[in-house]
Amino acid sequence: MVEPADGPSTAGQRLGAPESFGVSSLEPGLRPPAQPPGRQVSIRVQMLDDTQEVFQISQRSPGKVLFDLVCAHLNLTEGDYFGLEYQDQRKMTVRHACLKNSGPKNTILRFVVKFFPPDHTQLMEELTRYLFALQIKRDLACGHLICNDTSAALMISHIVQSEIGDFDETQSWQHLLHNKYLPDQDAIRDKIIDCHRKHVGQTPAESDFQLLEIVRRLEMYGVRLHPAKDREGIKLSLAVAHTGVLVFQGYTKINTFNWSKIRKLSFKRKRFLIKLRADPTNTHHDTLEFAMASRDCCKVFWKICVEYHAFFRLFEEPKPKPKPILFTRGSSFRFSGRTQKQIIDYVKDSELKKVPFERLSSLFLDYSNSRNCDRCKRQNQPTQQPSHLSHCNTHSSYCCSKDTKSPDSGDSPPRSPHMVVNGNGLVNEQVKCSTGVLGQSPERQQLSPLTSPLLTEAGYIRNDDEEEARRKKFPTDKAYFIAKELLTTERTYLKDLQVITESFQGVVGKDEVFPDPVRNMISANYDPVYKFHQGFLKDVEQRLAQWEGRSNAHIKGDYQRIGDVLLKNTQGLRLLTIHLQKHSECLVELERACRSSRKVETLCREFEQQRVCYLPFNIFLLRPLHRLLHYKLILERFCKHYPPTHDDFRDCRAALADISEMVLQLQGVMMKMENFQKLLELKKDLTGIDSLTMPGREFIRLGCLSKLSGKGLQQRMFFLFSDSLVYTSRGMTPSNQFRVHGQLPLYGMTIRESEEEWGVPHSFTLFGQRQSVVVAASCASEMERWVEDIRMAIDLAEQSSSPTADLLPSSLSDSKLLEDGGAEQESEEELCGSRSSLERQGHRGNTIMHVCWHRNTSVSMVDFSIAVENQLSGNLLRKFKNSNGWQKLWVVFTNFSLFFYKSHQDDCPLASLPLLGYSVTVPSESENIHKDYVFKLHFKSHVYYFRSESEYTFERWMEVIRSATCSASHSLPSTRKDLY
């Protein structure tokens with residue numbers, strides 16, 4: 001037996017290293033809970049990965065002390081979701097909260113998930129989600145989690161992706177042959193393989209996230225059935241969840257009693273009683289009675305209900321029941337521990353250090369470790385490996401970074417070290433002798449990767465192979481981050497195409513009112529583009545996976561390049577030019593169908609109210625044309641970054657030439673359709689206006705100005721077109737549309753600054769042929785933009801030979817517009833409504849027009865064109881002003897707004913943040929944001945911090961956000977033609 005090293009050892013020694021180069025399994029200064037004096041006993045705990053750990057604690061210690069030891073051993077912050085349990089002699093499951101001591105001797109306790117939250121995003125730490133994924137994996141294998149074959153195949157595919165990485169035909173097939181994730185797995189093996197193909201590039205953490213996203217929607221998620229009978233003797237099962245008490249017949253849920261409807265839960269002998277609150281509409285009796293197998297079964301289920309109710313419904317831990325002086329009545333059992341709200345608040349308010357951990361059988365680990373393991377296996381090949389080591393339950397064999405041999409082992413296979421954690425917080429490591437520990441042979445004792453933190457860079461000595469693997473896994477070249485921007489934006493672009501090809505066509509396909517020619521035209525011209533970009537995205541994902549060293553393809557040669565992929569797909573994109581040219585016709589025909597039929601218009605507007613349509617639908621129709629500009633800009637960055645001698649330069653330059661030719665070919669259509677789309681969008685938000693989309697009219701600028709009238713300065717929304725200037729106020733319609741007050745033709749108009757004349761800062765006067773208007777801007781720069789654009793529009797109107805068309809309906813006569821008391825009058829309710837916050841608005845209350853109204857700013861068509869180019873997607877860490885924790889989100893920047901998602905696979909955003917009026921800066925030293933690549937967004941009292949992964953992504957986010965927060969000025973192109 002090898003003697004332990006002098007002094008307290010660390011968890012890093014569990015990897016078999018002769019010296020301690022790792023981190024402790026406990027944070028500095030933290031120790032396990034104090035224990036009562038007494039004889040020390042060894043307690044075995046089976047972890048969620050089916051490995052076993054031994055803990056030394058006092059014989060008098062309650063179960064909570066042992067549980068706290070396990071959580072400290074795992075570095076588990078959100079440990080209150082978990083518990084310990086074992087089966088007693090009566091085959092009943094006993095939880096650690098019910099244990100008055102550490103359990104009977106020679107009993108293996110199981111570490112399990114105790115509380116299943118309804119939403120996995122409430123789990124803040126990756127380690128917690130990984131443990132939940134292991135619990136789901138166990139529930140599938142033992143048959144607790146009942147679901148259909150499609151859901152089961154999809155869940156298992158995510159588990160396999162997490163364990164072995166990207167799809168490889170042979171490897172995936174062999175892995176499923178030797179690992180049973182489901183009792184009847186063979187019947188759905190082909191489905192699992194098909195699902196696994198689609199997860200290329202998905203990390204283990206993302207696989208856990210997707211697994212939990214699927215399972216939380218299942219009816220049997222987290223359900224533990226307790227047999228019972230109703231009053232008629234019908235066999236049922238009771239279960240408890242975050243919502244309340246559930247009743248099952250077989251595996252079908254037949255009733256749910258929500259916590260809000262339950263007045264009291266109790267048991268009497270073997271009868272479990274549910275007392276409901278008085279409700280005249282309730283068809284049940286006030287008291288429901290269920291017969292269970294015994295009094296002990298009733299008591300166990302009652303305690304589980306008490307814990308679930310307290311954990312999910314209470315804000316803080318309930319106070320213990322005071323001990324009676326003479327007599328006791330009822331049970332004194334109370335939930336002990338933090339509630340879910342306390343856990344979430346604690347993790348959010350505490351800037352906890354993220355402790356790395358090692359996953360079981362994951363090929364996403366450093367490849368040098370697997371190479372070392374293979375080399376060790378060849379050098380120390382055992383005569384016969386026990387089958388339970390190679391494929392125990394659902395696990396593959398576990399690799400250690402180094403081997404530790406006993407002096408007399410010779411060429412025998414390396415033995416797994418065994419960890420014993422005692423109550424004083426010391427971690428002792430020994431190599432087991434042949435007799436094993438606690439009567440178990442050394443071959444059967446496995447290591448738990450959960451308690452083996454990855455070693456830190458400060459204390460880890462890398463060899464050349466490991467350094468090369470790390471370089472491949474974490475590329476630092478700027479070209480890699482440009483390619484990653486291509487990947488992230490392509491994912492968002494494909495989701496936008498799905499809004500057209502799947503969501504919209506799914507809605508209009510069910511409604512006979514929508515004209516078939518328009519439906520067929522959209523399908524014929526967008527479906528081929530969507531299918532093409534599906535293949536393109538797979539190519540990019542595969543190349544990025546190889547670039548990062550995460551792929552199982554083992555492709556030899558230089559794969560840290562992207563030009564060849566871009567060139568191949570750019571040539572394929574040229575074949576779709578005929579479809580891209582038809583997209584403008586689709587937009588026109590769709591608008592024509594909406595004009596000719598009120599039902600079609602209502603159908604399209606209702607679709608825009610859906611969460612999946614997070615932008616005006618017409619913008620989605622122009623996405624393929626916009627995407628060409630993105631490809632051009634990305635290729636220009638590649639060509640600027642690469643030297644002419646670089647292998648990737650020639651392919652990138654050739655692809656850039658092809659894309660530039662396509663952009664030049666479609667430039668006229670693109671500019672025309674952008675203007676047409678913008679006029680259509682304005683038309684939806686304006687009332688009292690006719691023929692806004694007439695030929696020849698161009699949109700120039702919209703925004704807030706204060707109009708001087710007999711009542712003083714009043715906030716108005718102005719719209720500048722190439723032939724007229726229209727001013728409006730926000731009405732009280734359900735969609736908060738803007739009501740037109742007047743129109744000023746630009747032909748013959750003059751403009752004069754009049755700040756000194758009227759005594760109003762930043763004011764100017766517009767002299768028209770029929771009336772004059774005095775307006776004031778919010779600041780000098782805003783006034784300068786308006787004056788410049790109005791003068792440019794006047795010049796355009798003077799050059800045009802066509803007369804100005806009247807935008808207003810005939811019912812609004814000029815005489816009424818000239819009167820002070822006519823259209824200028826507003827009720828007090830309308831004025832109050834115009835000042836309501838953005839948060840009170842409906843789905844259309846978040847349009848650019850409403851944002852400009854609330855933030856008293858303006859935006860021009862040049863700004864819109866710049867925003868089309870400056871679209872970005874990717875993962876960012878977000879932090880609020882008064883919180884310490886960082887939340888990882890998938891963020892999409894488009895249309896002057898940030899849209900937040902849980903992951904790039906989500907269809908609908910969680911929230912959005914319009915950026916007009918915001919300022920973007922770098923945090924100052926006084927803000928104590930000691931992180932790299934952090935930028936700050938602030939508007940009045942609203943402050944947000946965002947962290948990016950690299951200097952390149954930081955600069956790109958700053959660049960695109962500045963384009964949205966700073967309106968176009970003299971330094972930017974004066975016309976849209978200069979942009980292309």
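All values below come from the heavy atoms of this structure, side chains included, with hydrogens, waters and symmetry mates left out.
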Do [X] and [Y] have side-chain N/O donor and acceptor atoms under 3.5 Å apart?
X: S722; Y: R697; result: no
X: Q665; Y: E661; result: no
X: E490; Y: Y631; result: yes
X: T489; Y: R627; result: yes
X: E674; Y: S865; result: yes
X: Y530; Y: Q498; result: yes
X: Y526; Y: Q505; result: no
X: S873; Y: T492; result: yes
X: R595; Y: T693; result: yes
X: R739; Y: Q737; result: no

Ignoring hydrogens, what is the shortest heavy-atom contact between [X] and [Y]? Give both atom names and the distance.
X: Q714; Y: S709; answer: OE1-OG, 3.6 Å
X: L889; Y: L910; answer: CD2-CD1, 4.4 Å
X: L702; Y: W786; answer: C-CZ2, 3.9 Å
X: I790; Y: M749; answer: CG2-SD, 4.4 Å
X: Y901; Y: P909; answer: CE2-N, 3.3 Å
X: R574; Y: M662; answer: CG-SD, 3.7 Å

Q: Anything under 30° is parallel, anything over 60° is perpendicular, the rest tilted; go ahead and classify F504 against F607.
A: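 Aromatic pair F504/F607 classed perpendicular.
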Q) Between F532 and F536, what is the ring plane arrangement, given parallel below 30°, perpendicular above 60°, and tilted in between? A) parallel
Q) If you draw the axis of the six-membered ring of Y493, does the NZ or CZ of R623 fall within 45° of it and under 6.0 Å from the ring centre? A)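 No; the conditions do not both hold, so R623 does not lie above the ring face of Y493.
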Determine whether a donor-acceptor pair (N or O, by modelled atom type, separation under 3.5 Å) exists between the side chain of [X] and the backbone of [Y].
X: N895; Y: S897; result: no
X: D906; Y: K902; result: yes
X: H579; Y: V529; result: no
X: E798; Y: Y747; result: no
X: S597; Y: C594; result: no
X: S860; Y: I700; result: no
X: H626; Y: M670; result: no
X: Q581; Y: I578; result: no

When rounded to the nearest 0.5 angstrom, what is the spacing between [atom1] in [X] and [atom2] in [Y]?
X: L679; Y: L692; atom1: CG; atom2: CG; value: 5.0 Å
X: C586; Y: R519; atom1: SG; atom2: CZ; value: 13.5 Å
X: I866; Y: S963; atom1: CD1; atom2: OG; value: 7.0 Å
X: K531; Y: L576; atom1: NZ; atom2: CG; value: 12.0 Å
X: L497; Y: K495; atom1: CG; atom2: NZ; value: 11.5 Å
X: D511; Y: T602; atom1: CG; atom2: OG1; value: 10.5 Å

Q. Is any NZ, NE, NH1 or NH2 atom of the basic residue among D907 and R611 found under 4.0 Å from an Asp or Glu carboxylate oxygen of the other?
A. no
Q) Between E541 and K538, is the closest basic N to carboxylate O distance under 4.0 Å? A)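 Answer for the salt bridge query: no.
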Do the side chains of [Y] and [X] get nearer than 4.5 Å, heavy atoms only?
X: Q210; Y: S903; result: yes
X: T894; Y: Y614; result: yes
X: P515; Y: V600; result: yes
X: L872; Y: E959; result: no

**Q.** Within 6.0 angstrom of K582 NZ, more than 12 heavy atoms from elsewhere
**A.** no
Q: Would you please indicate yes or no on a ring centroid separation below 6.0 angstrom for F719 and F699?
A: no
Q) Given the side-chain rings of W853 and F738, with only the six-membered ring counted for Trp, is the space between their centroids under 6.0 Å? A)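 Yes.
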Q: Show the numbers, then the answer: is there a salt bridge (charged side-chain N to carboxylate O under 4.0 Å, His left out) between E608 and R605?
A: CA-CA 5 Å; E608 282 194 334; R605 290 213 175 190; 6.0 Å; no
Q.
Please evaluate residues C604 and L590 with respect to the criterion side chain to side chain contact (heavy atoms under 4.5 Å, CB included), reporting the C-alpha separation (whole Å), side-chain torsions for both, the decisive distance (0.1 Å), and the verdict.
A. CA-CA 9 Å; C604 293; L590 179 62; 4.0 Å; yes
**Q.** CA sep, side-chain torsions, deciding dist, call: K632, D658, salt bridge (charged side-chain N to carboxylate O under 4.0 Å, His left out)
**A.** CA-CA 9 Å; K632 179 184 176 184; D658 291 341; over 6 Å; no
Q. Given the rule in the salt bridge (charged side-chain N to carboxylate O under 4.0 Å, His left out) test, do R785 and E788 qualify, once you have shown the distances and angles that lead to the verdict?
A. CA-CA 5 Å; R785 298 185 191 107; E788 180 181 355; over 6 Å; no
